[in-house]
Student: 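There's a structure below that I have some questions on.
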Amino acid sequence: GSEASALICLTLNSKGSAHGHELEKLCSSITQDVNEHYRDISNAYFEKLISKALIIGHGNLIGVVKDCEEKIASLKSRHNDGIYLSKPIDMYELLCSSEEEKTREACTSNRLYSSLLESMLNHDGMTVLTTSGKVLGYHVFVKPQGNEEDGLIGGARTRAFEIMKRSECFECCFYKSQDGNEKIWSISDAQ
């Protein structure tokens, strides 16, 4: 209802009380390098958009990379099996334009690109965003290098999440299984 919600998780593992924490942490990572003036609005925007995608999706992998040329080049070299956009979609800029201009064109553009991102989030493989709210790619498949897969158990998405963590390309990694289980890892947790 409008006042309460119920969490239904089809897993034998205990979910605990951290529901929502994962999404907040992910969105904070996506907006860590945006202008402080719009950070709260950006966080709320990404939380709403990603939350909607998680509800309708059959499982998701999201990687957040530092928005600098060196880190992005390393990511694309390391995880090269997927679709990287020739020009990243700057979701933060679209949101700012919509908020500042308040024109039909800016709002429509923001809405259309939001729908596109929602679709990307629900493709197989990983969706890659930057710490400044840009979409770099989607449908990116994570493959192990060397012994990264040693000791990993679970389904394909679970193993991919663990490999993402070990690849040293990401600031933050998010995983949601089809049964509702969510995991998040950030570089700050590892330090």
Side-chain angles (χ1 to χ4, degrees), residues 2 5 16-57 60-76 78-79 83-122 126-138 140 161 164-165 167-176 182-191:
S2 62
S5 64
S17 61
H19 180 68
H21 171 71
E22 293 91 351
L23 184 56
E24 289 173 16
K25 192 171 186 177
L26 172 65
C27 294
S28 290
S29 183
I30 294 169
T31 61
Q32 75 182 24
D33 291 335
V34 303
N35 184 314
E36 195 172 310
H37 179 71
Y38 282 113
R39 190 166 296 139
D40 288 342
I41 293 170
S42 298
N43 277 336
Y45 167 75
F46 279 107
E47 281 184 35
K48 182 178 178 183
L49 194 153
I50 294 171
S51 178
K52 186 177 175 188
L54 296 178
I55 289 169
I56 64 171
N60 311 80
L61 274 176
I62 303 171
V64 182
V65 64
K66 187 75 172 166
D67 194 352
C68 76
E69 288 184 33
E70 180 183 317
K71 291 287 188 178
I72 292 170
S74 174
L75 167 82
K76 288 180 177 181
R78 170 67 178 79
H79 299 290
I83 301 169
Y84 285 101
L85 306 173
S86 57
K87 181 179 183 223
I89 301 170
D90 193 337
M91 300 303 291
Y92 169 72
E93 183 61 37
L94 289 163
L95 175 64
C96 289
S97 293
S98 178
E99 289 291 316
E100 291 171 4
E101 296 173 20
K102 299 194 185 308
T103 64
R104 184 178 312 186
E105 292 80 17
C107 291
T108 300
S109 185
N110 183 26
R111 203 171 28 251
L112 290 173
Y113 279 106
S114 296
S115 293
L116 179 61
L117 176 55
E118 184 180 314
S119 177
M120 290 174 174
L121 289 165
N122 286 313
M126 167 181 53
T127 304
V128 182
L129 293 106
T130 69
T131 55
S132 62
K134 295 176 185 162
V135 182
L136 294 180
Y138 68 103
V140 177
F161 174 76
M164 287 168 65
K165 289 171 30 179
S167 74
E168 300 181 358
C169 292
F170 300 98
E171 295 290 305
C172 184
C173 305
F174 176 84
Y175 152 90
K176 179 185 173 274
E182 295 177 0
K183 295 179 186 177
I184 189 146
W185 172 90
S186 73
I187 199 163
S188 61
D189 295 339
Q191 296 174 345

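The structure displayed is predicted, hence computed values, not measured ones.
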Student: For Thr131 and Val65, what are the C-alpha separation, side-chain angles and deciding distance, and is it a side-chain contact (heavy atoms from CB on, under 4.5 Å)?
Tutor: CA-CA 6 Å; Thr131 55; Val65 64; over 6 Å; no
Student: Out of curiosity, Leu94 CG to Leu117 CG, how far, rounded to the nearest 0.5 Å?
Tutor: 10.5 Å
Student: Do the side chains of Val135 and Met91 get nearer than 4.5 Å, heavy atoms only?
Tutor: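 When only atoms from C-beta onward are counted, Val135 and Met91 do touch, with a gap below 4.5 Å.
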Student: Report yes if some heavy atom in the side chain of Val64 is under 4.5 Å from a heavy atom in the side chain of Thr130; otherwise report no.
Tutor: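 The answer is no, as the side chains (C-beta and beyond) never meet within the 4.5 Å cut-off.
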Student: Please list, chain by chain and in numerical order, all residues satisfying side chain to side chain donor-acceptor pair (under 3.5 Å) with Tyr38, sequence neighbours excluded.
Tutor: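 Testing Tyr38 for side chain to side chain donor-acceptor pair (under 3.5 Å), a comparison that skips the adjacent residues, returns Glu100.
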Student: Less than 4.5 Å apart, any side-chain heavy atom of Met120 and any of Asn122?
Tutor: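 Heavy-atom side-chain distance check fails, nothing below 4.5 Å.
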Student: Do Lys66 and Gln32 have side chains that get closer than 4.5 Å, going by heavy atoms?
Tutor: yes
Student: Check for a donor-acceptor pair, side chain of Arg39 on one end and backbone N or O of Val34 on the other, with a separation under 3.5 Å.
Tutor: yes
Student: About how many Å separate CG of Leu26 and CD1 of Ile62, when rounded to the nearest 0.5 Å?
Tutor: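 Result: 5.0 Å between the selected atoms.
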Student: Evaluate side-chain contact (heavy atoms from CB on, under 4.5 Å) for Phe170 paired with Met126, printing each intermediate quantity in order.
Tutor: CA-CA 12 Å; Phe170 300 98; Met126 167 181 53; 3.5 Å; yes
Student: Taking all heavy atoms of Met164 and all of Gly63, pick out the closest pair and write down the distance.
Tutor: CE-CA, 3.7 Å
Student: Let me confirm one number: the CG-OH distance from Leu61 to Tyr175, rounded to the nearest 0.5 Å.
Tutor: 8.5 Å
Student: Does Lys71 NZ have over 12 foreign heavy atoms under 6.0 Å away?
Tutor: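 12 or below, so no.
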Student: With distance as the sole criterion, is a donor-acceptor pair present between the side chains of Tyr45 and Ser114 under 3.5 Å?
Tutor: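 Checked: Tyr45/Ser114 side chains pair up, N/O donor to acceptor below 3.5 Å.
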Student: Is the ring centre of His79 less than 6.0 Å from the ring centre of Tyr84?
Tutor: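 Not close enough - the centres of the two rings lie 6.0 Å or further apart.
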Student: Between Ser132 and Asp67, do the side chains contain a donor N or O and an acceptor N or O under 3.5 Å apart?
Tutor: yes
Student: So, Glu22 and Lys183, do they make that salt bridge, N to O below 4.0 Å?
Tutor: no
Student: Could you state the interatomic distance from CD (Glu105) to OG (Ser97), rounded to the nearest 0.5 Å?
Tutor: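 Interatomic distance, Glu105 CD to Ser97 OG, rounded to 0.5 Å: 11.5 Å.
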Student: Please confirm whether the backbone N or O of Arg111 pairs with a side-chain atom of Ser115, one donor and one acceptor, at under 3.5 Å?
Tutor: yes
Student: Got a second to check how far Ile184's CD1 is from Lys25's NZ, nearest 0.5 Å?
Tutor: 6.0 Å
Student: Hey, could you give me the SG/CD1 distance between Cys169 and Ile72, rounded to the nearest 0.5 Å?
Tutor: 11.5 Å
Student: Got a donor-acceptor contact below 3.5 angstrom from the Ser28 side chain to the Glu24 backbone?
Tutor: yes
Student: Judged by modelled atom types alone, do Thr31 and Asn43 share a side-chain donor-acceptor pair under 3.5 Å?
Tutor: yes
Student: Are the side chains of Leu54 and Phe174 in touch, meaning some heavy atoms are under 4.5 Å apart?
Tutor: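 They are in contact (side-chain heavy atoms under 4.5 Å apart), so the answer is yes.
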